[in-house]
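Presented below is the structure to which this report refers.
Hydrogens, waters and symmetry mates play no part in the numbers below; they use all other heavy atoms, side chains included. Each ligand, and each atom within it, is numbered from 1 in the order the structure gives. Throughout, residue positions are numbered sequentially from 1 according to the sequence presented.
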Amino acid sequence: MPFRTRLTERLGIAHPILLAPMAFVAGGRLAAAVSAAGGLGLIGGGYGEAAWLEREFDAAEGARVGCGFITWSLARQPQLLARVLARKPAAVMLSFGDPRPFAADIRKAGAALICQVQTRGQALEAIEAGADIVIAQGAEAGGHGAARATLPFVPAVIDLARERAPGVAVVAAGGIADGRGLAASLALGADGVLMGTRFFASEESRGDPRAKAMIVAASGEETVRTSTVDVVRALDWPEMFTARVMRNDFVDAWHGAEPRLRAALESEMRRYQTAIEKADFSIAAVFAGEAIGLIERVLPAREIVVRTIAEAEAALARAAPR
Ligand SMILES: Cc1cc2nc3c(=O)[nH]c(=O)nc-3n(C[C@H](O)[C@H](O)[C@H](O)COP(=O)(O)O)c2cc1C
C-alpha cells in the first residue's frame, strides 16, 4: 500500500520522500533520479550561482524537479529566482531566512512553496508566507541548521500547523536515512521526509567519491555542528546557524577556537581553498549529518527510495498492535 499524505497529494508524487537541495551535491541528475523513483528531487541552488543552476536544470533533462535556495543569499541576488521559475520547477524550497519577500512570485509561477524551519517562530513565519510544505529540520541534519532535535521538534511544528493551517504538509528532516526514520516520522504525524546525507552517498550525487567513501566508513559520532567552516569561507551566516560536518583535522584544530581562526584567517583561507581544489578532506569539510552511521553503501538513488519505502512498511507492520 503506498503512503498517501498531504505531501504526496500536494506534489502529485508516489512516495513521501524529498531530496534535500544540497549545495554542490544535489545536481540535476540526482534530482531527476529521485523524481523518477517516485519522490521529488530538489536541485541545490545553494548560495546561488546562475551558471551552475542552468547547467543542473539542463542535467535534469526535463524531469519534474524543484530547486532550493539559501534564503539570505538569494535576498542578495533576487533576480535568480525569476531564472529558476522560468524553468517551471515543481517546487521552490527556501531555507535560512525570511521567505516572505519571495513567496508571492513562487506561488504565482505555480510552484509549491516549501520552507525549511528550525524554530517555532520560523514555522509561524512560513505559515504566514503561505507555505504549502513546512520542513521541520532537527539538529541531527547534515549541513546548516540550528539547535532543536528532530524527535521533539517535528511534532511541535505539526501541532502548530494543525492549529493555524491544517492543509499545510509538515515534513521531517534531520537524521533520517532509512525506512525506520520514515516510519518514525509518519508515526509522529509528519507527511513525509526530506533526506540529504543519505542521498549524498548515492551514485548520482555530485559529491566527491572520496567524500562518499568517508560517509560510508564513518559512525554517527564523527560529525559536529560548527561555525569554523563558515568563518574560513568568509560566509556571513546568521549566528543561530551552524553547519554539521564530518570531523577532520581542520575542524578538530579550530572548533571552539573561532577567535583564533579569525586572527589567522588569511593563511587559513588559502589553505582551505587549496584543500577544496585538491579534494583534501583532512582540511576541507564533508557536510554530512548523524545519519552517516546508518549508511553502509553508496547506492543508486532509485534503490534508496525503494528500500526506504519497503523498510518503512515493514517497520510500521512490526510496530502495529497484535
Ligand atoms: C551536503 C549537504 C549540503 C546541504 N546544503 C543545503 C543547502 O544548500 N540548502 C538547504 O536548504 N539545506 C541544505 N542542507 C540541509 C538539508 O536541506 C537537510 O535539512 C538535511 O540534509 C537533512 O538532514 P540529513 O542530512 O540528516 O538527511 C544540506 C545538507 C547536506 C548534507
N-O pairing of Asp230 and Arg233 below 4.0 Å: yes
Gln137, portion touching ligand 1 at heavy-atom distance under 4.0 Å: side chain
Distance filter under 4.0 Å to Phe200 heavy atoms, resulting ligand 1 atoms: 1 (C)
Could you tell me whether ligand 1 has any atom less than 4.0 Å away from a heavy atom of Gly44? no
To the nearest 0.1 Å, how far is atom 17 (O) of ligand 1 from its closest protein heavy atom, and which atom is that? Gln116 NE2, 3.3 Å
Atom 14 (N) of ligand 1: of Ser95, Gly142, Gly196, the nearest heavy atom sits on Gly142
Closest to atom 16 (C) of ligand 1 among protein heavy atoms sits Ala20 CB, 3.6 Å
Measure the distance from atom 1 (C) of ligand 1 to every protein heavy atom, then report the residue, atom name and distance (to 0.1 Å) of the closest one. Phe287 O, 3.3 Å
for atom 3 (C) of ligand 1, nearest protein heavy atom and its distance come out as Met22 CB, 3.4 Å
Consider ligand 1: state whether an atom of it lies below 4.0 angstrom from any non-hydrogen atom of Gly174. yes
Can you list the ligand 1 atoms lying under 4.0 Å from a non-hydrogen atom of Leu194? 17 (O), 18 (C), 19 (O)
Thinking salt bridges, do Arg10 and Asp191 make one under a 4.0 Å N-O criterion? no
Part of Ile70 within contact of ligand 1 (heavy atoms, under 4.0 Å): side chain
Could you tell me whether Glu61 and Arg29 make a salt bridge, using a distance below 4.0 angstrom between a side-chain N and a carboxylate O? no
Between Trp72, Phe241, Phe69, which is the residue that forms a ring-ring contact (aromatic ring centres under 6.0 Å, His included) with Phe96? Phe241
Could you see which bit of Phe24 sits under 4.0 Å from ligand 1, with heavy atoms only: side chain, backbone, both or neither? neither
Looking at Lys108 and Asp105, is there a salt bridge between them, counting it only when a charged N and a carboxylate O are closer than 4.0 Å? yes
Rounded to the nearest 0.5 Å, what's the gap from CE on Met195 to CD1 on Ile17? Could you check? 5.0 Å
Glu311 and Arg180 ion-paired at < 4.0 Å: no
How far is atom 10 (C) of ligand 1 from its nearest protein heavy atom, and which residue and atom name does that atom have? Phe96 CE1, 3.6 Å
Does the pair Arg76 and Asp236 meet the rule for a salt bridge (Lys or Arg N to Asp or Glu O under 4.0 Å), with working shown? CA-CA 12 Å; Arg76 294 177 182 180; Asp236 43 354; 3.3 Å; yes
Given Ala291, Ala211, Gly289, Gly175, which one has a non-hydrogen atom that is nearest to atom 26 (O) of ligand 1? Gly175
Let's go through His255 and Val224 carefully: what are the C-alpha distance in whole Å and the side-chain angles of both, what is the deciding distance for side chain to side chain contact (heavy atoms under 4.5 Å, CB included) to 0.1 Å, and is it a yes or a no? CA-CA 9 Å; His255 182 61; Val224 64; 3.8 Å; yes
Does some side-chain heavy atom of Ile135 sit less than 4.5 Å from a side-chain heavy atom of Cys115? no
Using a 4.0 Å cutoff against the non-hydrogen atoms of Met195, which atoms of ligand 1 qualify? 27 (O)
SB check Asp58 Arg87 (cutoff 4.0 Å): yes
Among all protein heavy atoms, pick out the one at the shortest distance from atom 13 (C) of ligand 1; state its residue, atom name and that distance to 0.1 Å. Pro21 O, 4.1 Å
Atoms of ligand 1 close to Ala23 [distance to a heavy atom under 4.0 angstrom, numbered from 1]: 3 (C), 4 (C), 5 (N), 6 (C), 7 (C), 8 (O)
